[in-house]
Amino acid sequence: MKRLLNTAMVYFLLAAAAGVFYREFTKWNDYAGVTALGKLHTHLFTLGMLLFLILAMFARQDPALAETKGFRGFFVLYNIALPFLVCTLLARGILEVLRVELSTSMDAMVSGIAGLSHILITIALLLLFLVLRKSLTREQVA
């Protein structure tokens, strides 16, 4: 459970920093439009901090949950995929604020990396649902 709370705290700090960066970076560059940087803050709060706080509550009810092989797989994959997603949002947002025109191939590359990170997050969440369902089934049998 401590690992889950620590992970939630890291994502909280990153989300707070992303919010400050978004506000200050757009202000310094006199940018008033919508940018991917605005989504960075909320992605880190919900997909990072909030998810791991909820999982900590599940782990408190079933301490063995966080020690299962499936949960460890989810944890590793998710914490690889989410930073990839965050990096693509950060890159896309900075390029938007700086008004950098990307070539079609560069734009596709950034979108492709974001797409891969979404696929990895989907796989990790699917793995989490399977682990939670197995845990629930184990509790019902006992």
Side-chain angles (χ1 to χ4, degrees), residues 1-29 31-100 102-142:
M1 187 168 113
K2 186 175 180 179
R3 179 177 61 161
L4 296 173
L5 287 174
N6 287 339
T7 304
M9 184 173 288
V10 167
Y11 282 118
F12 163 74
L13 293 171
L14 289 173
V20 171
F21 178 75
Y22 164 63
R23 185 188 67 220
E24 296 302 320
F25 189 68
T26 54
K27 186 169 56 172
W28 290 333
N29 288 286
Y31 189 87
V34 176
T35 175
L37 287 177
K39 295 175 181 73
L40 185 60
H41 177 70
T42 53
H43 274 71
L44 282 165
F45 267 130
T46 54
L47 294 176
M49 182 198 75
L50 189 60
L51 176 76
F52 284 103
L53 282 177
I54 292 168
L55 288 176
M57 287 188 280
F58 272 101
R60 184 170 180 164
Q61 294 294 81
D62 182 7
L65 174 70
E67 302 307 318
T68 64
K69 183 180 176 184
F71 190 87
R72 287 191 307 266
F74 151 76
F75 188 84
V76 169
L77 182 59
Y78 194 83
N79 284 300
I80 290 171
L82 186 55
F84 262 107
L85 175 63
V86 166
C87 287
T88 56
L89 277 173
L90 181 64
R92 174 78 67 192
I94 289 172
L95 293 170
E96 288 170 346
V97 171
L98 296 177
R99 296 169 180 89
V100 174
L102 292 178
S103 66
T104 305
S105 59
M106 287 297 288
D107 187 54
M109 183 184 74
V110 174
S111 295
I113 294 170
L116 286 174
S117 67
H118 278 84
I119 291 168
L120 291 176
I121 285 176
T122 301
I123 293 168
L125 289 173
L126 198 68
L127 185 57
L128 174 65
F129 281 120
L130 292 172
V131 168
L132 291 174
R133 192 168 86 185
K134 188 174 185 180
S135 172
L136 183 62
T137 304
R138 190 175 59 238
E139 281 182 17
Q140 289 174 347
V141 169

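The two residues A18 and L44 come nearest to each other via the heavy atoms CB-CD1, 3.9 Å. Taking each heavy atom of L50 and T46 in turn, the nearest pair found is CB-O, 3.5 Å. In this structure, E96 and V34 approach most closely via the heavy-atom pair OE1-O, 4.3 Å. Considering all non-hydrogen atoms of both residues, A59 and L4 come closest at CB-CD1, 3.7 Å. Shortest non-hydrogen contact noted between V131 and G70 is CG2-C, 3.5 Å.
Contact annotation: the side chain of V86 never approaches that of L14 to less than 4.5 Å [non-hydrogen atoms, C-beta and beyond]. Here the side chains of Y11 and L47 are not in contact, with every heavy-atom distance at 4.5 Å or above. Between L37 and L90, some side-chain heavy-atom pair lies under the 4.5 Å cut-off. In this structure, V10 and F52 have side chains that are not in contact, with every pair of non-hydrogen atoms separated by 4.5 Å or more. Proximity of R92 to I113: side-chain heavy atoms (C-beta onward) are nowhere separated by under 4.5 Å. L85 has its side chain within reach of L82: a pair of non-hydrogen atoms, C-beta onward, lies under 4.5 Å apart.
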Requested in this report: Take F129 and F74 through the test ring-ring contact (aromatic ring centres under 6.0 Å, His included) and record every step on the way to the result.
Outcome: CA-CA 10 Å; F129 281 120; F74 151 76; 9.4 Å; no
Report task. Let me see the working for L55 and F75 under side chain to side chain contact (heavy atoms under 4.5 Å, CB included), right down to the final yes or no. Result -> CA-CA 11 Å; L55 288 176; F75 188 84; over 6 Å; no
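Ring geometry, F25 versus F21: the interplanar angle falls under 30°, so the pair is classed parallel (tilted spans 30 to 60°). Below 30°, between 30° and 60°, or above 60°: for F45 and F12 the angle between ring planes is between 30° and 60°, a tilted geometry.
Atom CG of residue L132 and atom CZ of residue F58 lie 5.5 Å apart, to the nearest 0.5 angstrom. Here OG1 of T7 is found 10.0 Å from CG of L53. Values are rounded to the nearest 0.5 Å. The structure places CG of N29 at 8.0 Å from OG1 of T26, a figure rounded to the nearest 0.5 Å. Here the CG-CG distance, from L65 to L128, works out to 8.0 Å after rounding to the nearest 0.5 Å. The CG atom of L120 sits 12.0 Å away from the OH atom of Y78 when rounded to the nearest 0.5 Å. Here the straight-line distance linking atom CZ of R23 with atom NE2 of H41 works out to 10.0 Å at 0.5 Å rounding.
Atom CZ of R60 sits in a sparse spot, with 12 or fewer heavy atoms from other residues, nucleotides or ligands closer than 6.0 Å. Within 6.0 Å of CE on M1 lie more than 12 heavy atoms contributed by other residues, nucleotides or ligands.
Separation of the Y22 and Y31 ring centroids does not fall under the 6.0 Å cut-off.
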